[in-house]
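So the structure is just underneath, and the comments pick up after that.
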Amino acid sequence: MTAIMKREFASYFTSPLGYVFLAVFYGFSGLFLWMDCLRAGQSDMGVVFSMMFFIMMIMIPVLTMRTMADDKRQKTDQLTITSPVSLFGIVAGKFLAAFAVFFCGMLIMLVYAVFLASSVKTAGGTFGWAVFWGNFTGMFLMGGVFISIGIFISNLTENQMIAAVGSIGANIALCMFDVISSYIPNEGVRNVINQLSVFYKYSEFTIGIFSLKNIVFFLSIIVIFNFLTMRFIERRRWN
């Protein structure tokens, strides 16, 4: 797993992909910080996180589109799946490599928070760390969900563009459960869909509510999609 993770992480920076992802993440986060905090003279980063959520929904599929699809296109996936590496090691290594790149982007939000907290303290105010950490944790978990979905869909095709577009569509659909539920007349079905709503649970983090139930929910989705990826790889291994 460690060897695959190191190889995959290095591959992001031997091609433009890792640099482009970080440049877009840093560029948009800096723009939103200037628009919603610096120019407005306020320290609440909630809007910055909200805007970055939608950027992340699009950019993470670009980050994960090649994880499996490129190996299938180049036929190097046969070497991987027939190697003495466990299926868990293959999937976990690729997941952790993509997540490490994503986390490098996330760290800039902490830099912004420290800067704003210092400025607010100088002015005699108090920075809302609880809300910040709620947003940070929510984005951290959602990033993991989007990455696991992206790797799963990348495993279904050889075409990177199809993998990226499919992942974006899946991410949007996952976040639309609460909207879909409003059109369901049956209350029982509506309640079930609401319980599966990712965006609703994410929104609780954004107001500083840390719920173990929600954390377990997000981790469960990550585990489920990584498990499905493992099963698809196993099927190709036996075929």
Side-chain angles (χ1 to χ4, degrees), residues 4-33 35 48-77 80 90-112 135-136 138-176 198-199 202 218 221-222 224-226 228-230 232-233:
I4 291 178
M5 177 186 171
K6 289 180 178 178
R7 185 195 70 186
E8 291 293 319
F9 183 79
S11 71
Y12 283 113
F13 297 100
T14 54
S15 68
L17 184 58
Y19 298 104
V20 169
F21 176 83
L22 292 178
V24 171
F25 199 101
Y26 294 158
F28 275 102
S29 62
L31 175 64
F32 297 144
L33 181 78
M35 291 173 57
V48 179
F49 277 101
S50 296
M51 298 300 292
M52 286 305 298
F53 179 89
F54 296 102
I55 299 298
M56 182 178 71
M57 188 185 295
I58 296 171
M59 286 305 300
I60 285 182
V62 175
L63 185 68
T64 60
M65 65 182 182
R66 55 172 290 280
T67 49
M68 296 291 186
D70 196 48
D71 288 345
K72 292 177 71 175
R73 182 180 61 82
Q74 297 181 13
K75 307 303 180 184
T76 57
D77 62 321
T80 304
I90 294 171
V91 176
K94 288 178 177 290
F95 173 83
L96 292 174
F99 193 84
V101 178
F102 165 69
F103 189 66
C104 288
M106 282 284 294
L107 288 176
I108 196 65
M109 307 299 280
L110 183 58
V111 174
Y112 295 155
N135 278 278
F136 191 90
M139 184 172 285
F140 181 87
L141 292 169
M142 280 303 303
V145 169
F146 290 156
I147 289 170
S148 63
I149 291 173
I151 292 175
F152 171 71
I153 293 180
S154 179
N155 188 51
L156 302 179
T157 179
E158 296 181 0
N159 189 302
Q160 295 185 35
M161 187 58 64
I162 292 176
V165 173
S167 298
I168 293 172
N171 292 344
I172 294 173
L174 191 66
C175 294
M176 291 287 287
V198 172
F199 193 76
Y202 169 78
F218 284 114
I221 294 178
I222 294 171
I224 288 170
F225 276 101
N226 284 338
L228 290 174
T229 302
M230 289 168 56
F232 272 83
I233 295 175

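In what follows, residues are counted from 1 in the order of the sequence shown. Scope of the values below: all heavy atoms of this structure, side chains included, with no hydrogens, waters or symmetry mates.
Considering only heavy atoms from C-beta on, Met65 stays 4.5 Å or farther from Val165 through its side chain. You'll find the side chain of Phe32 stays beyond 4.5 Å of the side chain of Ser50, heavy atoms only. Ile147 is listed as a side-chain neighbour of Phe95, based on a closest heavy-atom distance under 4.5 Å. Counting only heavy atoms from C-beta outward, the side chains of Met56 and Phe146 approach each other to under 4.5 Å. Ile55 places none of its side-chain heavy atoms less than 4.5 Å from the side chain of Phe25. Side-chain contact between Lys94 and Thr229 is absent, with no heavy-atom pair separated by less than 4.5 Å. Met176 is listed as a side-chain neighbour of Ile172, based on a closest heavy-atom distance under 4.5 Å. Under the 4.5 Å side-chain criterion, counting only non-hydrogen atoms from C-beta, Met142 is in contact with Val198.
The side chain to side chain contact (heavy atoms under 4.5 Å, CB included) test with Val62 singles out one residue from Val24, Leu17, Val20, and that residue is Leu17. For the ring-ring contact (aromatic ring centres under 6.0 Å, His included) with Phe140, the qualifying choice from Phe99, Phe102, Tyr202, Phe218 is Phe99, the only one to do so.
The OG1 atom of Thr67 sits 5.0 Å away from atom CD1 of Ile151, with the distance rounded to the nearest 0.5 Å. In this structure, Leu22 CG and Leu107 CG are separated by 10.0 Å, a value rounded to the nearest 0.5 Å. Annotation: the span from Leu228 atom CG to Ile233 atom CD1 amounts to 11.5 Å, rounded to 0.5 Å. Here the straight-line distance linking atom CG of Leu31 with atom CE of Met52 works out to 10.0 Å at 0.5 Å rounding. Note that CZ of Arg66 is 14.5 Å distant from CG of Asn159, once rounded to the nearest 0.5 Å.
The main-chain N or O of Ser167 is found under 3.5 Å from a side-chain atom of Asn171 such that the two form a donor-acceptor pair. Distance alone, capped at 3.5 Å, is enough to place a donor-acceptor pair between the Ser148 side chain and the Gly144 backbone. Of the possible donor and acceptor atoms, none in the side chain of Thr157 sits under 3.5 Å from a partner among the backbone N and O of Ile153. A donor-acceptor pair under 3.5 Å links the side-chain atoms of Ser154 to the main chain of Ala69, judged by distance alone.
By the ring-ring contact (aromatic ring centres under 6.0 Å, His included) test, Phe9 is found to be paired with Phe13, residues two or more places apart in sequence or in another chain being considered.
Taking the six-membered ring where tryptophan is involved, the planes of Phe199 and Phe54 are tilted, since the angle between them lies from 30° to 60°.
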For Met109 and Val48, what are the C-alpha separation, side-chain angles and deciding distance, and is it a side chain to side chain contact (heavy atoms under 4.5 Å, CB included)? CA-CA 9 Å; Met109 307 299 280; Val48 179; 3.7 Å; yes
